[in-house]
Protein chains: 2
Amino acid sequence: MASERNGESGRVTDLTTTAPKPGLAQPGAPHRQSTQKILEAAEQVFAEHGYGGATMAAIARAAGLPKPNLHYYFGSKDALYAALLENILSLWLDDADLWLIAERDPATALSGYIRAKLAWARERPEASRIFAGELLTGARHIDAYLRGDLRARVARIDTVFATWRAQGRMRPVDTRHLLFCLWSMTQSYADFSAQMVRVLETDALEDADFAAAEATISALVLRGVVIDGG
Amino acid sequence: MASERNGESGRVTDLTTTAPKPGLAQPGAPHRQSTQKILEAAEQVFAEHGYGGATMAAIARAAGLPKPNLHYYFGSKDALYAALLENILSLWLDDADLWLIAERDPATALSGYIRAKLAWARERPEASRIFAGELLTGARHIDAYLRGDLRARVARIDTVFATWRAQGRMRPVDTRHLLFCLWSMTQSYADFSAQMVRVLETDALEDADFAAAEATISALVLRGVVIDGG
DNA sequence: GTCTATATGAAGATAGAC
DNA sequence: GTCTATCTTCATATAGAC
């Protein structure tokens, strides 16, 4: 699990695993360019309308391509959605492995993780919303990921927190529920921004809003679980 | 106005005026019973599949009624969804007014609010998921509620927190972002339970899970914002 | 590989009998 | 008020020309 999280140009990742049909020999540059455009369009449309509300026609329009091309490259709406989810999951993988490690100071680690999660919420809100929508409706498409990869990562983080607790640097908070809280607070700045902008009477979340978010979440988490001078 | 749904202004309609068609004099007991069954079925189906993925046929099946009855009582899928959202919003209204009042001790108030929100997450998870799905996809149906009622309630809570801060009983945390954190943490136990049960290797969230949730969230919030001995 | 045209089925909504 | 049968629209998916 290479911590391949380059913070600055953390743009759209590679979309490699998209061989559309058996028999396609070399997916050339135009191939990758089209699949890329389709995936970006699909991210917008699925995020805005949900899986059921999204239509292949809308995705095709957003991608600037004819509708059949989507089926040519991805086979079906469900397969396109699955490919998109696969892409999105790769974004979720590495922040914890980068920040939540036993060698770090707990306060540094937790605040860095919070900052990284908020950065994703800001840079890729549609990705976060698609993931959230998938969870809302039962997570059928990502069951294997949740039971496998995610659970393993949570188990690793549990050993890190256990180390800190044994060193007297962290209060005895349940690892899993603390992670649930961290995830929900940070991702809500993507998932529920529609509510936030209306409460805050603004058009979109800005620098100041994310700064306040980071300050608030960090205050809760650091004061809540980190033991000073440990 | 109430008689003919013109399909345009009929966004969030008043559910309690259950006069589906002009000429209905007294909505009797069977009327209310049918609308109730439909709303309960709709809550299940909309929560499980999202607005776009839900079908009137599935709702009718879940309600044990023929499809046309749904249109007879609610006019359209969108109107049924709006009526359901209206119902759900009424659940969201009162916990804050009950618990977050200046006369209370901040620790008591906040932990009581957290407990109440978690109780809703447990008792009405589908309602929470429908609300979350509405926010995820832009909150078009509840724009007026968010800009009006909700914003007013947030403003009231802000005065409560300001009082506590002035009394030296609460740290200077941003009211709105603290509320965002409280909402996201508590509601995630309904909205994202599909993820939680897989991480926790269980079939459904139980007493112990909600107890751990409450302990974790309260620990973060109380230590984060309440000043002891204030 | 790419797109026009279209098949096929499903979904929202209604007509009209009872 | 209630339900059977059906209309219309639109979505996914494909056939087949280029």
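Atom set for the values below is all heavy atoms of this structure, side chains included, hydrogens, waters and symmetry mates excluded. Each chain gets a letter, A, B and so on, in the order the sequences are listed, and its residues count up from 1.
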Check the phosphate of C:dT2 against A:Y73, side-chain N and O only, distance under 4.0 Å to OP1 or OP2. Yes or no? yes
Between B:D209 (side chain) and B:E206 (backbone), is there a donor-acceptor pair under 3.5 Å? yes
Just checking B:A58: base, sugar-phosphate only, or nothing, at a heavy-atom cut-off of under 4.0 Å? nothing
Just to confirm, is there a sub-4.0 Å distance from OP1 or OP2 of D:dA13 to any side-chain nitrogen or oxygen of A:H71? yes
Expressed as a whole number of angstroms, how long is the span from B:L70:CG to D:dT2:C1'? 13 Å
Can any side-chain N or O of B:S34 pair as donor or acceptor with the backbone N or O of B:H31 at less than 3.5 Å? no
What residues 59-68 of chain B contributes to the DNA chain C interface at heavy-atom separation below 4.0 Å is B:K67, B:P68
Please give, in whole Å, the distance from D:dG1 P to B:H31 NE2? 6 Å
Kindly state each residue pair satisfying side chain to side chain donor-acceptor pair (under 3.5 Å) with at least one member in residues 46-57 of chain A, sequence neighbours excluded. A:Y51-A:D78
When rounded to whole Å, the CZ to P distance for the pair A:F74 and D:dA13 reads 14 Å
Round to the nearest Å and state the distance from A:H49 atom NE2 to D:dC10 atom C1'. 15 Å
Taking the side chain of A:M56 as heavy atoms from C-beta outward, which of C:dG12, D:dT12, C:dT2 is closest to it? D:dT12
Does A:Q187 use its side chain to pair, donor to acceptor, with the backbone of A:A121 at less than 3.5 Å? no
Classify the side-chain pair B:S218/B:R115 by whether it contains a donor and acceptor separated by less than 3.5 Å. no
Quick one: list whatever passes side chain to side chain donor-acceptor pair (under 3.5 Å) with A:Q195, sequence neighbours left out. none
Quick one: A:Q33 CD to C:dT2 P, roughly how many Å, whole number? 10 Å
Counting only side-chain nitrogens and oxygens, does B:N69 get under 4.0 Å of the OP1 or OP2 atom of D:dC3? yes
For a side-chain contact (heavy atoms from CB on, under 4.5 Å) check, start with the C-alpha distance between B:R122 and B:L205, then their side-chain angles and the critical distance, and finish with the verdict. CA-CA 8 Å; B:R122 181 167 198 184; B:L205 299 180; over 6 Å; no
Any idea which of C:dT14, D:dG1, C:dT2 is nearest the A:Y72 side chain? C:dT2
